[in-house]
Amino acid sequence: VLFGRAGTALSAGITASASPTQFEADFAGNTPSGVTFNPATGQFSGTPTTPGSFSFLARARNASGWSLPKFTTLAILPAAAQPMQAMSVR
């Protein structure tokens with residue numbers, strides 16, 4: 001499972017051994033809004049706007065061909081709560 005938070009820049013990705021040259025992420029439905037996937041690096045980037053669980057099949061390619069797909073999830077957590085402001089009462 002990869003994690004991100006709504007309203008916070010995402011830095012997550014797919015990794016593979018054996019010198020991959022291309023990655024694929026096939027979402028079963030919608031991709032998280034505000035997020036893009038770079039097939040050359042396997043990295044997700046952007047700032048997700050909506051929390052939710054987004055399932056996808058990931059696979060990598062090298063000179064020998066494509067790997068078997070692996071089912072995984074990109075979980076976008078709700079935005080962090082704002083800290084309470086200090087206040088005084090007179």
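If you're wondering where the values come from, they're calculated on a predicted model, not measured in any experiment. Any value given below was found using the heavy atoms of this structure, including those in side chains, with hydrogens, waters and symmetry copies removed.
Counting side-chain heavy-atom gaps under 4.5 Å among Ile, Leu, Val, Met, Phe, Trp and Tyr, the cluster of Leu57 also holds Phe71.
Residues passing the side-chain contact (heavy atoms from CB on, under 4.5 Å) test with Ser53, sequence neighbours excluded: Thr73.
Note: the hydrophobic cluster containing Leu2 does not contain Leu77 (ILVMFWY, side chain heavy atoms under 4.5 Å, direct or indirect links).
Residue pairs that meet the salt bridge (charged side-chain N to carboxylate O under 4.0 Å, His left out) test with at least one member in residues 40-51, sequence neighbours left out, do not exist here. Judged as a salt bridge (charged side-chain N to carboxylate O under 4.0 Å, His left out), not a single pair has a partner in residues 27-41 (not counting sequence neighbours). Applying the salt bridge (charged side-chain N to carboxylate O under 4.0 Å, His left out) rule to pairs touching residues 3-23 yields nothing, sequence neighbours excluded. Every pair tested for salt bridge (charged side-chain N to carboxylate O under 4.0 Å, His left out) that includes a residue from residues 10-23 fails, sequence neighbours excluded, so the list is empty.
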In a table with atom names and distances, give each donor-acceptor pair under 3.5 Å that connects a side chain of residues 12-28 to protein atoms at least two apart or in another chain.
unit_1	atom_1	unit_2	atom_2	d
Thr21	OG1	Arg61	O	3.3
Glu24	OE1	Arg59	NE	2.6
Glu24	OE1	Arg59	NH2	3.2

In residues 43-52, what donor-acceptor pairs under 3.5 Å come from side-chain atoms, sequence neighbours left out?
unit_1	atom_1	unit_2	atom_2	d
Ser45	OG	Thr36	OG1	3.3
Thr49	OG1	Ser33	OG	2.6

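When all heavy atoms of Leu10 and Phe3 are compared, the closest pair comes out as CD1-O, 3.7 Å. Of all heavy-atom pairs between Leu74 and Phe56, the closest is N-CE2, 3.8 Å.
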